[in-house]
Amino acid sequence: MAVNASLTRKLCNPSNLTSLYSLPTKIRPLDPATVSPFEFPAPVSSQAFDYSFYASLINKSTHKNHLNQIHAQLLVSGSQDDRLLITKLINSGVAFGEIRYARNIFDEFREPDLFLWNAIIRGYSRRNMFGDVIELYLRMQVASVSPDCFTFPSVLKACCGLPALRMGCRVHGQIFRHGFESDVFVQNVLVALYAKCGQIGPARVVFDGLCDRTVVSWTSIISGYAQNGDPMEALRIFSQMRQSNLKPDWIALVSVLKAYTDVDDLIQGKSIHGCVIKMGLEDEPDLLISLTAMYAKCGQVTVARSFFDQMETPSLTLWNAMISGYAKNGYAEEAVGLFREMISKKIRIDSITMTSAILACAQVGSLELARWMDDYTTSSEYRNDVFVNTALIDMYAKCGSVDLARTVFDRTVDKDVVVWSAMIVGYGLHGQGREAIDLYYTMKQHEVCPNDVTFVGLLTACNHSGLLEEGWKLFHHMRDYGIEPRHQHYACVVDLLGRSGHLEQAYDFIMKMPIEPGVSVWGALLSACKIYRHVALGEYAAQQLFTLDPYNTGHYVQLSNLYASARLWDCVGKVRVLMKEKGLSKDLGYSLIEINGKLQAFLVGDKSHPRHKEISEELERLEKRLKEAGFVPHTESVLHDLNYEETEETLCNHSERIAIAFGLISTPPGTTLRLTKNLRACVNCHSATKFISKLVNREIVVRDATRFHHFKDGFCSCGDYW
DNA sequence: ATAGGGTTAG
């Protein structure tokens, strides 16, 4: 089979997929902690009490039991009131993860001083037990112990998250009252706190108020902007930092790399890589993770992989960076492969690994693989993770089953906006606009506030179902939630208006847009013009597109399709010439079909399959039956329709048809056929597949470049509207 | 104290 490199990359190696199914479904439990014996010296008499003796003993401990023995000794020797030693015991208890034990020691102490309070508060803060932190902090105030610069960082950490931010603001006030408003240590934590709560404004105010900024202050504000979707500002501040002659440390570089990762600026990212080498930090394993992530996200997966391979034992985070880097750049097969490797090598996996692997499966599109992934997840400890469940919902929807997506949705506890949105988007993908809208109202009943993505999903759902009025209403609903429409939202409205034939209104709407119309908006107008053969307006839209996005093949193809639909064959030819001049060629069409968990690929007119003979017999049979059933091929315009597949061959040689024929001879009667196409459904194949679904009494599910079609009994779920 | 890998849309 003659396939180009990018195609080979997209297709999955079936043997990889099938071997995945035989893997164990349980995640390995962690090894139980082993307790090494502790050599406790002979009991000492009370007069032999020595602070440094006990201190070194505590330092040597490795288990709670050791601490217990020392504590007992302190009691025997009457030194149980030594604040420094008790603080040390508490700190060690925390370090061993024995927070309850540390708390007992603390509770036994009469009138704890500031050191003890700090130790136990810090302990809870390290274990992320924020409720206890706040409770103890309040009790400390009741006990009239004044906090100091060691108390505030732990307490502020506990104020992360919007609901706790009110507490954070109160603590901010107390920091002033206790005179720590110029303590860099405390102020740095305040910057980080506000930034983590998405309050970048207040974070900036605190940062600007600092007179002696340390590397940590700069790093906090840089990562604050990087985390809050403003990487450009993060980078601006980074250059200010360098002007102030402060040398960035490796953590600062990690934050900057994150910003470049989001900006998708490989050139600048590389220059930071240069910085890393100049500063001799290239062996810093944690910096390597950021570099890997940066290169992977900017599409340089091979470079990223070389970093990965140079580590003898990659950390979990590095595995995750590599897997998600692959998954996000269309290297689904590699991503799933690495995940498989982790399982077979019994390497520890976390919810981030799961999420990234699920994302990759969503791209593969195999329902069987999706099911396997779901089973694996449900039998693991991540079955209630919101991120994982959201990814599963998305995966099932993209693998063709809204029903299974709904099952995951229903079993997800504590649904946030993203969960609801993923389900709404899923309904939209399958053209179930009504269900999407219903779910939106249910979501509001649950008092979950929609976001901009929710509306992209809703508007797309309306498009895929032709719900003009509902879409229009929803678009205006956005402002009630203070959501500014973005390009996608405008594009959806243009699509809605255009597809329902309101071309003039669509054009007026574009002219009145408060933001500069972008590629998606003009693209929507152009495809509407194609449907209604509005050549003049379509040419205008195409002109805008050629200026904004000159090297995107899709726009030329669309214009050519418009000309073809209006039978302006000369113009079709001109577009072809134009494309040639720019060195653009259209994508080759292919279809995948899943048979018994294996994906099989077919190109246009594909004759390479081992069962080619049987397939062509089936194709002939099908064509005969189609004719008898009264199917008339839409030859003329389709034959010139560049959007679809190469037309040198006859229409029934489109990859979709071949894949269906193969599916019919490879599965028992009544089995649902599941196909994935890289291009959009062509008019001719679409109506042929409707006929076929009735003739052979099969359900046929087709995922095209933009949505799903469910063919059944001669009808398609899209209502011929796509 | 400061950070890196994750979900919906594009």
Would you kindly give the [atom1]-to-[atom2] distance between [X] and [N], to the nearest whole Å?
X	N	atom1	atom2	answer
Q187(A)	dT2(B)	CD	C1'	15 Å
D183(A)	dT2(B)	CG	P	15 Å
L287(A)	dG4(B)	CG	P	12 Å
L156(A)	dT2(B)	CG	P	11 Å
F180(A)	dA1(B)	CZ	C1'	15 Å
N329(A)	dG5(B)	CG	C1'	14 Å
L190(A)	dT2(B)	CG	C1'	14 Å
Y194(A)	dT2(B)	OH	P	16 Å

Hey, does [X] reach any base, or is it just sugar-phosphate, or nothing, if we go heavy atoms under 4.0 Å?
X	answer
R122(A)	nothing
S255(A)	sugar-phosphate
Q227(A)	sugar-phosphate
W218(A)	nothing

Is the Y331(A) ring parallel, tilted or perpendicular to the Y326(A) ring (thresholds 30°, 60°)? tilted

How are the rings of F339(A) and W372(A) set to each other: parallel, tilted or perpendicular (split at 30° and 60°)? perpendicular

Polar atom pairs (N or O), protein with nucleotides 6-10 of chain B, under 3.5 Å:
from: dG6(B); atom 1: OP1; to: K297(A); atom 2: NZ; distance (Å): 3.4
from: dG6(B); atom 1: OP1; to: S324(A); atom 2: OG; distance (Å): 3.2
from: dG6(B); atom 1: OP1; to: K328(A); atom 2: NZ; distance (Å): 3.4
from: dG6(B); atom 1: N2; to: S351(A); atom 2: OG; distance (Å): 3.2
from: dG6(B); atom 1: N2; to: D385(A); atom 2: OD1; distance (Å): 2.9
from: dG6(B); atom 1: N2; to: D385(A); atom 2: OD2; distance (Å): 3.4
from: dT7(B); atom 1: OP2; to: K328(A); atom 2: NZ; distance (Å): 3.3
from: dT7(B); atom 1: O2; to: T390(A); atom 2: OG1; distance (Å): 3.0
from: dG10(B); atom 1: O4'; to: Q488(A); atom 2: NE2; distance (Å): 3.4

Closer than 4.0 angstrom, basic N to acidic O: yes or no for [X] and [Y]?
X	Y	value
R411(A)	D374(A)	yes
R371(A)	D375(A)	no
E334(A)	R340(A)	no

Short side-chain N/O contact from R348(A) to OP1 or OP2 of dG5(B), under 4.0 Å: no

Let me confirm one number: the CG-NE2 distance from L266(A) to H273(A), rounded to the nearest 0.5 Å. 11.0 Å

Does the gap between the ring centers of H172(A) and Y194(A) come in under 6.0 Å? yes

I251(A) has its side chain closest, among dA1(B), dA3(B), dG5(B), to dA3(B)

